[in-house]
Amino acid sequence: MRRKGARVVVAGRRAAEGEETVRLIRAQGGEGFLVTTDVSKAAQVKELVERTMQKFGRLDFAFNNAGIEQEPTPFLEQDEETYDRVMDINVKGVWLSMKYEIPAMLKTAAAPL
(Lines give C-alpha, C1' and ligand atoms only; values in the text may rest on other atoms or scores of the structure.)
Protein backbone atom coordinates (compact mmCIF):
# COMPACT_ATOMS: atom_id res chain seq x y z
CA MET A 1 0.00 0.00 0.00
CA ARG A 2 2.75 2.47 0.93
CA ARG A 3 4.71 1.67 -2.21
CA LYS A 4 1.67 2.41 -4.36
CA GLY A 5 0.96 5.70 -2.57
CA ALA A 6 -2.43 4.68 -1.20
CA ARG A 7 -4.05 6.97 1.31
CA VAL A 8 -6.71 5.18 3.32
CA VAL A 9 -9.87 6.33 5.03
CA VAL A 10 -11.13 3.79 7.55
CA ALA A 11 -14.84 4.00 8.35
CA GLY A 12 -16.81 2.03 10.91
CA ARG A 13 -18.96 2.24 14.00
CA ARG A 14 -16.28 0.92 16.37
CA ALA A 15 -13.72 3.67 16.92
CA ALA A 16 -11.19 1.57 18.85
CA GLU A 17 -10.86 -1.02 16.08
CA GLY A 18 -10.78 1.69 13.43
CA GLU A 19 -8.00 3.58 15.22
CA GLU A 20 -6.01 0.35 15.49
CA THR A 21 -6.33 -0.15 11.74
CA VAL A 22 -5.13 3.41 11.13
CA ARG A 23 -2.22 2.81 13.50
CA LEU A 24 -1.20 -0.29 11.53
CA ILE A 25 -1.40 1.64 8.25
CA ARG A 26 0.80 4.40 9.65
CA ALA A 27 3.25 1.90 11.14
CA GLN A 28 3.88 0.66 7.59
CA GLY A 29 4.52 4.22 6.41
CA GLY A 30 1.05 4.75 4.98
CA GLU A 31 -1.31 7.64 5.43
CA GLY A 32 -4.82 7.24 6.80
CA PHE A 33 -7.48 8.46 9.16
CA LEU A 34 -10.70 7.24 10.74
CA VAL A 35 -14.21 8.57 10.25
CA THR A 36 -16.56 6.90 12.72
CA THR A 37 -19.55 6.06 10.54
CA ASP A 38 -22.80 4.12 10.69
CA VAL A 39 -23.40 3.26 7.02
CA SER A 40 -27.14 2.95 7.61
CA LYS A 41 -27.29 6.73 8.21
CA ALA A 42 -27.20 8.88 5.05
CA ALA A 43 -25.83 11.96 6.82
CA GLN A 44 -22.89 9.99 8.23
CA VAL A 45 -22.04 8.41 4.87
CA LYS A 46 -22.23 11.81 3.18
CA GLU A 47 -19.92 13.26 5.85
CA LEU A 48 -17.49 10.36 5.34
CA VAL A 49 -17.18 11.10 1.63
CA GLU A 50 -16.98 14.86 2.19
CA ARG A 51 -14.19 14.46 4.74
CA THR A 52 -12.35 12.13 2.38
CA MET A 53 -12.55 14.70 -0.41
CA GLN A 54 -11.48 17.52 1.94
CA LYS A 55 -8.47 15.58 3.19
CA PHE A 56 -7.26 13.90 0.00
CA GLY A 57 -9.03 15.77 -2.80
CA ARG A 58 -10.17 12.60 -4.51
CA LEU A 59 -11.74 9.18 -4.08
CA ASP A 60 -10.44 6.47 -6.38
CA PHE A 61 -11.58 3.24 -4.76
CA ALA A 62 -14.08 2.09 -2.13
CA PHE A 63 -14.40 -1.23 -0.35
CA ASN A 64 -17.93 -1.34 1.05
CA ASN A 65 -17.87 -4.32 3.37
CA ALA A 66 -19.93 -3.37 6.43
CA GLY A 67 -22.25 -6.13 7.51
CA ILE A 68 -23.97 -7.73 10.45
CA GLU A 69 -25.99 -10.86 11.02
CA GLN A 70 -28.47 -12.00 13.58
CA GLU A 71 -28.17 -14.91 15.93
CA PRO A 72 -29.40 -18.09 14.24
CA THR A 73 -33.11 -18.04 15.01
CA PRO A 74 -35.97 -20.14 13.62
CA PHE A 75 -37.72 -18.15 10.91
CA LEU A 76 -41.03 -17.84 12.75
CA GLU A 77 -39.23 -16.43 15.82
CA GLN A 78 -37.35 -13.71 13.94
CA ASP A 79 -38.49 -10.16 14.58
CA GLU A 80 -38.95 -7.28 12.18
CA GLU A 81 -36.64 -4.93 14.09
CA THR A 82 -33.66 -7.27 13.68
CA TYR A 83 -34.50 -7.84 10.01
CA ASP A 84 -34.64 -4.08 9.41
CA ARG A 85 -31.29 -3.50 11.13
CA VAL A 86 -29.58 -6.22 9.08
CA MET A 87 -31.04 -4.87 5.83
CA ASP A 88 -30.20 -1.26 6.74
CA ILE A 89 -26.53 -2.07 7.24
CA ASN A 90 -25.96 -4.88 4.76
CA VAL A 91 -28.01 -3.56 1.82
CA LYS A 92 -28.93 0.07 2.40
CA GLY A 93 -25.41 0.77 3.69
CA VAL A 94 -23.83 -0.31 0.40
CA TRP A 95 -26.45 1.65 -1.56
CA LEU A 96 -25.87 4.82 0.50
CA SER A 97 -22.11 4.44 0.21
CA MET A 98 -22.25 4.15 -3.56
CA LYS A 99 -24.76 7.03 -3.77
CA TYR A 100 -22.15 9.40 -2.32
CA GLU A 101 -18.94 7.70 -3.51
CA ILE A 102 -19.72 7.54 -7.21
CA PRO A 103 -20.24 11.30 -7.71
CA ALA A 104 -16.99 11.95 -5.80
CA MET A 105 -15.14 9.45 -7.97
CA LEU A 106 -16.54 10.94 -11.16
CA LYS A 107 -15.30 14.41 -10.18
CA THR A 108 -11.69 13.28 -10.34
CA ALA A 109 -11.89 10.28 -12.67
CA ALA A 110 -9.87 11.98 -15.41
CA ALA A 111 -7.42 13.71 -13.06
CA PRO A 112 -3.93 12.20 -12.83
CA LEU A 113 -2.79 10.69 -9.55
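The analysis underlying the following values was restricted to heavy atoms, covering all of them including side chains, and did not include hydrogens, waters or symmetry mates. Keep in mind that this is a model prediction, so the values were computed, not measured.
When all heavy atoms of V49 and A104 are compared, the pair lying nearest together is CG1-CB, 3.7 Å. Here the closest non-hydrogen pair linking V45 and S97 is CG1-CA, 3.6 Å.
Distance check: M98 CE to M105 CE gives 8.5 Å after rounding to the nearest 0.5 Å. Within the model, atoms CD of Q70 and CG of D79 stand 7.5 Å from one another, a figure rounded to the nearest 0.5 Å. Of the inter-residue distances, the one linking E101 atom CD with L48 atom CG reads 7.0 Å to the nearest 0.5 angstrom.
In this structure the side chain of K46 reaches within 4.5 angstrom of the side chain of E50, judged on heavy atoms. R58 is listed as a side-chain neighbour of D60, based on a closest heavy-atom distance under 4.5 Å. Contact check for T36 versus L34: side-chain heavy atoms found under the 4.5 Å cut-off.
Taken together through direct or relayed side-chain contacts under 4.5 Å among Ile, Leu, Val, Met, Phe, Trp and Tyr, V9 and M53 form parts of separate hydrophobic clusters. Both V39 and I68 are members of a single hydrophobic cluster when ILVMFWY side chains are connected at heavy-atom separations under 4.5 Å. Transitive grouping of hydrophobic side chains (ILVMFWY, heavy atoms separated by less than 4.5 Å) keeps V91 and L96 in distinct clusters. By the rule that hydrophobic residues join a cluster once side-chain heavy atoms approach within less than 4.5 Å of another member, F33 and V10 end up as members of separate clusters. Residue F56 is not grouped with residue F61 when hydrophobic side chains (ILVMFWY) are merged at heavy-atom distances under 4.5 angstrom, including chains of intermediate members.
Between the side chain of R26 and the backbone N or O of G32 there is at least one donor-acceptor pair closer than 3.5 Å. Looking only at distances, a side-chain donor or acceptor of Q78 sits under 3.5 Å from a matching main-chain atom of T73. Proximity of a side-chain donor or acceptor of S40 to a complementary backbone N or O of D38 within less than 3.5 Å is not detected. A side-chain donor-acceptor contact under 3.5 Å links T37 to the backbone of V35.
With no hydrogens or angles considered, no side-chain donor-acceptor pair links E69 and N90 at under 3.5 Å.
The existence of a salt bridge linking E81 and R85 is excluded, since no basic side-chain nitrogen approaches an acidic carboxylate oxygen closer than 4.0 Å.
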Verify salt bridge (charged side-chain N to carboxylate O under 4.0 Å, His left out) between E19 and R23, making sure each step is shown before the conclusion.
CA-CA 6 Å; E19 288 294 353; R23 186 193 69 72; over 6 Å; no
Please determine whether side chain to side chain contact (heavy atoms under 4.5 Å, CB included) holds for the pair E31 and V8, giving the CA-CA distance in whole Å, both sets of side-chain angles, and the decisive distance to 0.1 Å.
CA-CA 6 Å; E31 184 179 355; V8 179; over 6 Å; no
